[in-house]
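What follows is one structure encoded as structure tokens, with my remarks underneath.
Remember, it's 1-based here, ligands and their atoms both numbered in the order they're listed.
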Amino acid sequence: MILIKLGGSIITNKEKPLSVRRKTINKLAKSLKKINEPMIIVHGGGSYGHYWSVKYNMHTKEKKYDLRGVAIVKNSMIELNKIILDSLLKNKLNPYCLPPTDFMSGNKPISKKVKEIEKIAKSGLIPVTYGDALWYGQKKTYILSGDKVMTHLAKILRPRLCIFVLNEDGLYSDLKSKKLIYELRDKRYLISENKMDVTGGMTRKVEEALKISKIGMNVFFVNGNKPERILKAVRNRKFKGTLFRGKRNV
Ligand code: IPE
């Protein structure tokens, strides 16, 4: 089984609030159709969820955020999710919509529910979930990123492979020249190299990718504008992207 995260930067236009990249989404769906293996899809918020969370000053920390913001972020994620589901359906895939509330309780995944997601994927349906605004408890809420969802699912399900689909070739060691890191070996390298493109959104992705690779799975960062690279990663062929080699594969 494989876990795929469609980053907000590839499925939406991050420069423009509430705008999707329909053509790219369709191209991605067409590539995913060629994967003959159970898979779970997670998607990000991009110019939908992130736009509203910034507007309402909502973050990953559990707090008493503006309830209006919670409602609007959730609604915008449903809207983006529907666009993804429609595209998958149109391309003859069978998505199974799973909002994160289905398998999260507070900020913890419900193991039994997550294991059920695996069964759904193995039946041939494609579970699709996403980052969202979530209830935490005691009137507090928080933003759960799709990247974190990837780690939660990977820890419990131990997929063969995790892929983060980005709007970039991978992780760069130098932002200006876009020098690609083909393999990130360990965290010390990351800390000592401060010129890397690991600010903001990328930092979180790298953190989650390192966590997943540490528990043994290979993680790939690939450019979703070149969807064939996703297929190459799945088929274990040489391709352009960044690999976080899982410990058990070293
Ligand atoms: C975003 O999820 C969730 C919300 C802002 C509601 P992600 O943090 O995974 O989104 P991207 O992929 O970085 O856009």
Side-chain angles (χ1 to χ4, degrees), residues 3-22 24-25 28 40-63 65-85 87 97-104 107 109 127-136 140-155 162-171 197-212 219-225 230 242:
L3 263 182
I4 302 179
K5 158 97 195 281
L6 303 177
S9 58
I10 188 77
I11 57 175
T12 71
N13 181 355
K14 274 207 159 173
E15 316 295 303
K16 203 174 154 218
L18 309 174
S19 63
V20 273
R21 297 176 67 191
R22 271 177 213 278
T24 309
I25 296 172
L28 286 167
I40 299 171
I41 297 176
V42 179
H43 69 78
S47 72
Y48 278 69
H50 277 296
Y51 170 74
W52 291 114
S53 359
V54 168
K55 248 198 156 123
Y56 283 91
N57 199 21
M58 296 163 68
H59 304 277
T60 51
K61 194 173 164 33
E62 300 90 3
K63 267 190 186 166
Y65 294 112
D66 188 338
L67 301 181
R68 188 80 191 150
V70 177
I72 291 178
V73 167
K74 279 190 106 55
N75 201 40
S76 75
M77 286 311 298
I78 291 270
E79 203 178 319
L80 179 58
N81 182 239
K82 176 76 163 62
I83 294 167
I84 303 287
L85 296 174
S87 171
C97 168
L98 268 170
T101 44
D102 201 86
F103 57 86
M104 292 293 297
N107 60 1
V128 179
T129 188
Y130 48 87
D132 202 0
L134 285 194
W135 171 256
Y136 176 67
K140 291 179 184 173
T141 56
Y142 70 104
I143 298 289
L144 171 69
S145 81
D147 301 329
K148 257 256 147 63
V149 173
M150 289 289 280
T151 307
H152 287 324
L153 299 181
K155 270 191 180 159
C162 294
I163 302 175
F164 286 78
V165 183
L166 318 171
N167 192 29
E168 300 284 350
D169 284 338
L171 205 59
D197 167 30
V198 287
T199 55
M202 207 49 138
T203 312
R204 198 183 48 229
K205 278 178 218 316
V206 173
E207 273 171 17
E208 300 306 329
L210 284 169
K211 275 188 212 160
I212 299 172
V219 182
F220 283 104
F221 279 11
V222 297
N223 192 336
N225 297 299
I230 301 175
T242 302

Residue Lys74 excluded, over 12 heavy atoms near NZ under 6.0 Å | yes

Can you name the ring-ring contact (aromatic ring centres under 6.0 Å, His included) partners of Phe103, sequence neighbours left out?
-> none

Hey, is the main chain of Ile84 close enough, under 3.5 Å, to the side chain of Ser87 for a donor-acceptor pair?
-> no

Quick one: list whatever passes salt bridge (Lys or Arg N to Asp or Glu O under 4.0 Å) with Asp102, sequence neighbours left out.
-> Lys113

Does the distance from a Lys or Arg side-chain N to an Asp or Glu carboxylate O, for Glu208 and Lys211, drop under 4.0 Å?
-> yes

The side-chain contact (heavy atoms from CB on, under 4.5 Å) partners of Ile83 (sequence neighbours excluded) come to Val20, Arg22, Ile25, Tyr48

Pairs under 3.5 Å, N/O atoms on ligand 1 and on the protein: can you put them in a table with the distances?
{"residue": "ligand 1", "atom": "2 (O)", "partner": "Gly146", "partner atom": "N", "Å": "3.4"}
{"residue": "ligand 1", "atom": "8 (O)", "partner": "His50", "partner atom": "NE2", "Å": "3.1"}
{"residue": "ligand 1", "atom": "8 (O)", "partner": "Arg204", "partner atom": "NH2", "Å": "2.9"}
{"residue": "ligand 1", "atom": "9 (O)", "partner": "Lys5", "partner atom": "NZ", "Å": "2.9"}
{"residue": "ligand 1", "atom": "9 (O)", "partner": "Gly146", "partner atom": "N", "Å": "2.7"}
{"residue": "ligand 1", "atom": "10 (O)", "partner": "Gly45", "partner atom": "N", "Å": "2.9"}
{"residue": "ligand 1", "atom": "10 (O)", "partner": "His50", "partner atom": "NE2", "Å": "3.1"}
{"residue": "ligand 1", "atom": "12 (O)", "partner": "Lys5", "partner atom": "NZ", "Å": "2.9"}
{"residue": "ligand 1", "atom": "12 (O)", "partner": "Gly8", "partner atom": "N", "Å": "2.7"}
{"residue": "ligand 1", "atom": "13 (O)", "partner": "His50", "partner atom": "NE2", "Å": "3.2"}
{"residue": "ligand 1", "atom": "13 (O)", "partner": "Arg204", "partner atom": "NH2", "Å": "3.1"}
{"residue": "ligand 1", "atom": "14 (O)", "partner": "Gly8", "partner atom": "N", "Å": "3.4"}
{"residue": "ligand 1", "atom": "14 (O)", "partner": "Gly45", "partner atom": "N", "Å": "3.3"}
{"residue": "ligand 1", "atom": "14 (O)", "partner": "Gly46", "partner atom": "N", "Å": "2.8"}
{"residue": "ligand 1", "atom": "14 (O)", "partner": "His50", "partner atom": "NE2", "Å": "3.4"}

